[in-house]
Amino acid sequence: MRDTSQRREQISRMLKKSGSVQVPELSSKFGVSSVTIRKDLRFLEKQGIATRSYGGAMLKENAIVDTEITIDRKQTLHAIEKLCIGRVAAKLVNDNDSIILDSGSTTIQVATHLKNKEGLTIVTNGLNVVNELSGSDDINVLLLGGTLRRKNMSFFGSCAESTLRDLHVDKVFLGVDGFHMERGITTHFEAEALLNLSLIHI
């Protein structure tokens, strides 16, 4: 597997499942050099997930457990607020606009309130957004390719990022997991963060 973010996500899951990993086994599994795996382990150590050891790494004691919840659960949290955000955001969209609508439990509310618009082209990485708009004949929907992340039913990866490079749109609506006063917007998943950067700079 050549996608760095996907590989690191899998290594993180392996650490959380078994408590330790070894460089030779990871190198063989992912088909990359031991140097590359050591870089991955250094990255996970900086993230507070791993403690490097001779020949591999161990799950860091008191490592932060993934607290991300699924998209279905997210949609039930702060539902009224998300509905209001969706309604207001949709008013910023004009007929015949081309927009990017990120995946998420708030952006799905934007999609819901766009159904009365005409001539829209909507680019999205969210399977839930596609499903929501599938019955709207006046809206063109373009789904970004990539790998499906089932936890939030979105697509990510180099395929999605490369598709974005060829697009020009009028507006972007981005869903995030949080805000940090110094680091800005945040998300749980590294690969999704990379895609978000591409969305911001389109």
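Every value quoted in this text rests on a predicted model; they were computed, and no experiment measured them.
To the nearest 0.5 angstrom, Ile108 atom CD1 is 11.5 Å from Asp102 atom CG. Atom OG of Ser154 and atom CG of Leu148 lie 7.5 Å apart (nearest 0.5 Å). The distance from atom OG1 of Thr106 to atom CG of Leu174, rounded to the nearest 0.5 Å, is 11.0 Å. With rounding to the nearest 0.5 Å, the separation of CG in Leu133 from OG1 in Thr124 is 8.0 Å.
The environment of Lys39 atom NZ is sparse: at most 12 non-hydrogen atoms of other residues, nucleotides or ligands sit within 6.0 angstrom.
For the residue pair Asp170/Ser98, the side-chain donor-acceptor check at 3.5 Å is satisfied. No side-chain N or O of Ser12 forms a donor-acceptor pair with one of Arg8 less than 3.5 Å apart.
Between Glu45 and Lys60, no side-chain nitrogen of the basic residue sits less than 4.0 Å from a carboxylate oxygen of the acidic one, so the salt-bridge criterion is not met. Using a cutoff of 4.0 Å between basic side-chain nitrogens and carboxylate oxygens, Asp138 and Lys117 are not scored as salt-bridged. The residues Lys29 and Glu25 are annotated as not salt-bridged, no charged nitrogen and carboxylate oxygen being separated by less than 4.0 angstrom.
Minimum interatomic distance between Glu118 and Asp95 (heavy atoms only, all atoms of both residues): N-OD1, 3.0 Å.
Between the side chain of Asn128 and the backbone N or O of Met153 there is no donor-acceptor pair closer than 3.5 Å.
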